[in-house]
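Each chain gets a letter, A, B and so on, in the order the sequences are listed, and its residues count up from 1.
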Number of protein chains: 2
Amino acid sequence: MRRLAAALDTGAASLYVYFRSTEQLYAALLDELIGEVALPSLGAEEPWRDRLATVMTSYVMVLFEFPSVARLSVFTRPSGPNSLRLLEELLSLLDEGGVESGAAAWGVDLLIQYATSTAAEHSTRNEQPGTIDDDSDVSRAIATVSADTHPHLSKLRDALVAGEAQERFRWGLEVILTGIADQKVARVPRSYLSLLKRPSG
Amino acid sequence: MRRLAAALDTGAASLYVYFRSTEQLYAALLDELIGEVALPSLGAEEPWRDRLATVMTSYVMVLFEFPSVARLSVFTRPSGPNSLRLLEELLSLLDEGGVESGAAAWGVDLLIQYATSTAAEHSTRNEQPGTIDDDSDVSRAIATVSADTHPHLSKLRDALVAGEAQERFRWGLEVILTGIADQKVARVPRSYLSLLKRPSG
DNA sequence: ACCTGAACACCGTTCAAGT
DNA sequence: ACCTGAACACCGTTCAAGT
């Protein structure tokens with residue numbers, strides 16, 4: 001807030017004339033950034049899945065450029081005009097892919113959550129200087145695990161940390177799209193719902 | 001930091017004897033919380049998917065109790081003993097479900113990311129008093145959208161905001177499990193990977 | 001060796017006072 | 001009416017000084 005104000009040659013208090021809080025300022029920034037996301041569906045030659053992947057990838061890349069916005073995007077659902085345009089685009093692509101409308105409605109939410117949390121997670125890794133390198137921490141922990149106590153973890157030692165971030169993002173995207181396209185998951189058996197009831201207190 | 005120190009009847013500086021930074025303290029707290037997650041696989045009567053759902057649901061619920069830890073869990077991959085036990089458990093359940101080992105290795109990461117970002121997102125909604133109510137913001141934005149400019153969004157108006165948080169979480173879990181179990185997505189066509197290359201600068 | 005009071009360098013937000 | 005300097009109430013972290 002203070003740094004931004006300084007960059008604009010004014011005091012921090014002046015920003016409160018235009019935004020009620022830091023959170024709202026970031027929400028506005030986020031929507032502005034989403035305006036930069038590539039929406040390639042007009043020149044529609046590639047299959048819908050590829051175009052959807054392009055949109056999602058572009059979203060993550062745009063957030064990468066502004067780590068502080070990326071970090072807050074996990075907590076703030078944007079509702080500005082550019083965000084609505086992105087939602088419309090994703091729904092249109094899922095529709096083109098023959099995804100049932102109920103699954104598409106809940107699916108876009110899942111897709112946005114996936115892109116957003118991916119961007120947030122990686123934003124910390126790169127930019128924050130004092131940050132612990134989680135990756136190497138986790139790798140080390142997995143490497144030293146015993147086959148007796150953790151047989152699966154030990155067996156999949158290498159597979160767990162294999163692949164580039166990009167490749168894994170794309171893989172997760174395929175997982176989600178495959179799941180969304182699957183009709184069976186559109187309904188959840190009633191009996192499972194009770195599992196998620198929050199305990200009082 | 002200062003509040004925690006006060007609660008322990010000491011100065012904030014004393015905490016730095018045990019933890020190098022706030023982030024490390026939270027990482028330790030997170031692993032401790034993960035120790036509270038229910039791992040029901042020993043009494044194995046229910047199908048593996050249901051038991052996996054129980055573990056995931058328990059994870060989210062445990063994080064709900066400590067919103068500040070939940071908020072940081074998106075950025076910190078825990079590598080403590082309890083986290084490794086949770087990973088082992090999830091891998092064991094996926095194995096029991098016949099999921100190919102490569103898919104399971106990447107799948108657990110996706111599952112943790114899903115649980116974590118869900119907990120983080122909802123943690124802000126409930127606890128932070130000054131926070132904007134995103135849900136109603138988004139609902140209002142969607143409600144006022146024009147059918148001309150946003151046909152899909154307009155058509156799916158109700159479906160987009162339908163359902164309880166619990167139901168949607170469970171649905172997303174089914175989506176991910178279905179996708180992971182699907183063999184086709186285990187390999188990503190090489191050509192798509194170039195899409196995710198980060199631009200220099 | 002282990003702990004900590006006090007200081008340092010920051011935050012976001014408010015509000016009375018200025019133009 | 002619109003803007004802002006200064007103050008308020010916080011942070012995390014460091015380090016010299018204490019036991």
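- Of all non-hydrogen atoms in Arg168(B) and Leu160(B), the two that sit nearest each other are NH1-O, 2.7 Å.
- Atom name C1', nucleotides dA9(D) and dA9(C): the rounded distance is 16 Å, in whole Å.
- Here Arg170(B) pairs with Glu174(B) in a salt bridge; the nearest charged N to carboxylate O distance falls below 4.0 Å.
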Inset, instruction - Could you provide the dot-bracket string of DNA chain C, using ( ) for intrastrand pairs, [ ] for crossing pairs and | for bases paired to another strand, with Watson-Crick or G-U pairs below 3.5 Å? - result: ||.|||||...|||||.||
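- To the nearest 0.5 angstrom, Ser21(A) atom OG is 11.5 Å from Leu15(A) atom CG.
- Nearest-nucleotide mapping onto DNA chain D: of Arg2(A) and Ser14(A), the residue sitting toward the 5' end is Ser14(A).
- Of the residues near DNA chain C, Arg3(A) and Ala13(A), the one whose nearest nucleotide (by heavy atom distance) lies more toward the 5' end is Arg3(A).
- Summarising the geometry, atom OG belonging to Ser139(B) is positioned 11.5 Å from atom CZ belonging to Arg157(B); distances are rounded to the nearest 0.5 Å.
- Ring geometry, Phe169(B) versus Tyr114(B): the interplanar angle falls under 30°, so the pair is classed parallel (tilted spans 30 to 60°).
- Among the heavy atoms of the strands lying under 4.0 Å from Tyr18(A) are primed sugar atoms or P, OP1, OP2 only; no base atom is included.
- Counting any heavy atom pair closer than 4.0 Å across all strands shown, Arg20(A) reaches no nucleic acid atom.
- Closest approach of Trp48(A) to Leu177(A), counting heavy atoms only: CZ3-CD2, 4.4 Å.
- Counting only N and O atoms by type, the side chains of Thr178(B) and Asp182(A) include no donor and acceptor under 3.5 Å apart.
- Proximity of a side-chain donor or acceptor of Trp171(A) to a complementary backbone N or O of Gly107(B) within less than 3.5 Å is not detected.
- Note that the first and last nucleotides of DNA chain C, 5' to 3', having any atom under 4.0 angstrom from a heavy atom of chain A are dC11(C) to dC15(C).
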